[in-house]
Amino acid sequence: MTKNALITGITGQDGSYLAELLLNKGYKVFGLRRRTSVPIMENIAHIANEIELIDGDLLDVHSLIKAIENSNPDEVYNLGAQSFVGTSWSQPVLTGQVTGMGVANILDAVRVTKPEARFYQASSSEMFGKVLEVPQKETTGFYPRSPYGVAKVYGHWITVNYRESYNTFACSGILFNHESPRRGIEFVTRKITNAVARIKLGLQTELRLGNLDSKRDWGFAGDYVKAMWLMLQQETPEDFVISTGETHTVLEFVETAFNHVGLNWRDYVVIDPKFVRPAEVDLLIGDCSKANKVLKWQPEVSFEQLVTMMVESDLYTIKRNT
């Protein structure tokens with residue numbers, strides 16, 4: 001029997017990879033699309049004919065109820081959010097409404113309309129913020145260091161609340177940083193690979209960055225969406241840390257990207273104080289042993305493969321468009 005899935009945030013990095021995965025597994029895929037003056041379809045253009053888009057907004061419960069009625073989902077994946085940490089400082093209230101309260105809205109829409117549907121919430125390693133232990137696992141306390149991280153903590157706990165109060169099959173994946181060629185240009189990883197490609201092609205002369213010593217646990221988004229799906233196939237709903245268990249600095253990312261195109265990063269990188277956050281998250285590294293054991297999940301793409309994949313994609317895209 002064909003399963004139906006509803007994905008919020010389907011036009012984003014994770015939503016597009018998840019839609020591909022589910023289509024390959026024979027699902028009928030529906031995506032919630034927020035109204036914008038110019039449709040943002042780049043990440044899903046290649047599968048646009050295979051998915052059905054439904055207009056709606058995480059801030060509008062009525063539209064969410066209609067979306068669930070129209071899609072009749074077996075599985076709901078809530079990947080929609082104001083997802084850029086930097087923007088959350090300039091738009092803290094909007095971030096709280098969309099990234100936090102939006103989770104309560106869609107959980108309630110599921111409860112009212114299709115309570116037997118299985119629900120996945122995209123939690124984030126940014127919830128750990130000023131880390132209380134290294135590495136971070138499912139039982140590690142939260143200490144968020146940005147409005148985005150604070151909103152994600154609300155989304156995480158309201159998901160736990162609905163699971164325990166209404167017996168909803170609701171899981172949170174606490175995903176550490178995951179990147180790909182589909183990452184938004186405002187994120188530091190894509191900013192780096194796009195700049196490296198442009199510098200290599202003679203279209204840019206410098207790359208301005210903030211804290212090069214920040215450490216992150218970076219994986220490939222295409223690997224991480226497999227873990228989301230696996231969580232909803234289990235007998236009981238649980239939360240899982242999804243990570244590589246390796247940590248790398250922003251500087252290592254920069255070096256790897258520039259080395260791939262045969263350039264010395266020191267000739268091009270400029271440290272700009274305006275890119276340093278008011279409160280920095282210095283060390284995030286996840287312990288994904290529970291996911292390894294219970295979900296039988298392992299990351300497949302290495303750090304070096306991820307960086308070079310992104311650089312190559314940006315080189316190809318820029319050459320094609322110039």
Side-chain angles (χ1 to χ4, degrees), residues 1-36 39-58 63-64 66-81 83 102-103 106 109-110 113-114 116-123 169-173 175 178-184 190 219-235 237 240 242 291 295-301 305-306 309-310 312-313 316-317:
M1 192 179 91
T2 302
K3 280 186 176 180
N4 291 358
L6 174 65
I7 304 172
T8 73
I10 195 169
T11 59
Q13 169 188 258
D14 292 9
S16 63
Y17 280 111
L18 179 61
E20 285 177 354
L21 176 76
L22 296 178
L23 286 170
N24 288 335
K25 292 184 179 297
Y27 281 66
K28 170 78 173 151
V29 175
F30 297 82
L32 189 76
R33 175 177 58 181
R34 185 169 52 86
R35 174 81 177 91
T36 53
I40 305 163
M41 299 288 286
E42 183 181 359
N43 287 334
I44 57 169
H46 61 296
I47 53 172
N49 293 333
E50 301 174 67
I51 60 181
E52 188 171 324
L53 296 176
I54 302 171
D55 289 330
D57 195 300
L58 287 172
S63 73
L64 298 177
K66 294 296 288 183
I68 292 165
E69 286 174 349
N70 291 342
S71 58
N72 189 30
D74 299 285
E75 298 170 4
V76 177
Y77 295 86
N78 183 41
L79 312 184
S83 61
V103 186
I106 190 157
V110 169
T113 315
K114 187 76 186 291
E116 67 274 26
R118 297 189 167 200
F119 180 86
Y120 171 83
Q121 165 59 13
S123 286
F169 192 109
C171 304
S172 286
L175 271 56
H178 47 290
E179 317 297 319
S180 76
R182 299 179 194 172
R183 191 53 137 159
R190 183 74 196 296
F220 173 51
D223 287 342
Y224 284 35
V225 298
K226 295 173 188 170
M228 298 177 188
W229 177 78
L230 285 167
M231 287 179 215
L232 297 196
Q233 312 315 308
Q234 304 306 303
E235 285 188 20
F240 291 88
I242 304 300
L295 304 178
K296 306 292 187 284
W297 177 86
Q298 298 266 19
E300 295 171 27
V301 175
Q305 287 171 324
L306 173 65
M309 174 203 304
M310 292 175 68
E312 284 297 322
S313 173
Y316 173 79
T317 301

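Numbers here are sequence positions counted from 1. Values in this document were obtained by computation on a predicted structure and should not be read as measured data.
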For side-chain contact (heavy atoms from CB on, under 4.5 Å), just list the numbers for Met228 and Asp14, CA-CA rounded to whole Å, side-chain angles, deciding distance to a tenth of an Å, and then say yes or no. CA-CA 10 Å; Met228 298 177 188; Asp14 292 9; 3.7 Å; yes
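- Scanning all heavy atoms of the two residues, the minimum distance from Arg183 to Met310 falls at CB-CE, 4.5 Å.
- Residues Lys66 and Ile54 have side chains not in contact (no heavy-atom distance under 4.5 Å, counting atoms from C-beta outward).
- Residue Ala291 comes nearest to Ile242 through the heavy atom pair CB-CD1, 3.7 Å, listed as atom of the first residue, atom of the second, then distance.
- Taking CG of Leu232 as the start and CD of Glu75 as the end, the distance is 5.0 Å to the nearest 0.5 Å.
- Residue Val110 comes nearest to Val76 through the heavy atom pair CG2-CG2, 4.1 Å, listed as atom of the first residue, atom of the second, then distance.
- With sequence neighbours excluded, no residue satisfies side-chain hydrogen bond (donor to acceptor under 3.5 Å, both in side chains) with Asn70.
- In this structure, the side chains of Tyr77 and Leu22 come closer than 4.5 Å at one or more pairs of heavy atoms.
- Taking NZ of Lys28 as the reference point, atom CD1 of Ile51 lies at 9.5 Å (rounded to 0.5 Å).
- At a threshold of 4.5 Å between non-hydrogen side-chain atoms, the residues Thr113 and Leu64 do not count as touching.
- In this structure, CE on Met231 lies 14.0 Å from NZ on Lys226, to the nearest 0.5 angstrom.
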Begin from the C-alpha positions of Trp297 and Tyr224 and carry the test side-chain contact (heavy atoms from CB on, under 4.5 Å) through to its verdict. CA-CA 9 Å; Trp297 177 86; Tyr224 284 35; 3.8 Å; yes
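- Residue Ile106 holds its CD1 atom at 5.5 Å from CG of Leu6, rounded to the nearest 0.5 Å.
- Within the 4.5 Å cutoff, side-chain heavy atoms of Leu53 are placed close to those of Met41.
- Glu20 has a carboxylate O that lies under 4.0 Å from a charged side-chain N of Arg182, or vice versa, which qualifies the two as a salt bridge.
- Taking all atoms of both residues into account, the shortest heavy-atom contact from Asn78 to Thr8 is OD1-OG1, 2.7 Å.
- The nearest pair of heavy atoms linking Ser180 to Phe220 is CB-CE1, 3.8 Å.
- Atom CG of Leu18 is separated from atom CD1 of Ile7 by 4.0 Å, given to the nearest 0.5 angstrom.
- To the nearest 0.5 Å, atoms OG1 (Thr11) and CD (Glu42) are separated by 10.5 Å.
- No side-chain heavy atom of Val225 sits under 4.5 Å from any side-chain heavy atom of Leu79.
- Side-chain contact between Ile10 and Val29 is present, with at least one heavy-atom pair separated by less than 4.5 Å.
- Between Met1 and Lys3 the shortest side-chain heavy-atom distance does not fall below 4.5 Å.
- Nearest approach of Phe119 to Gln121, heavy atoms of both residues: CE2-CB, 3.7 Å.
- Using modelled atom types, one finds no donor on one side chain facing an acceptor on the other under 3.5 Å when comparing Asp223 with His178.
- Of the possible polar contacts, one joining the Asn4 side chain to the Ser71 backbone as a donor-acceptor pair under 3.5 Å is found.
- Formation of a donor-acceptor pair under 3.5 Å by the Arg118 side chain with backbone atoms of Gln234 is found in this model.
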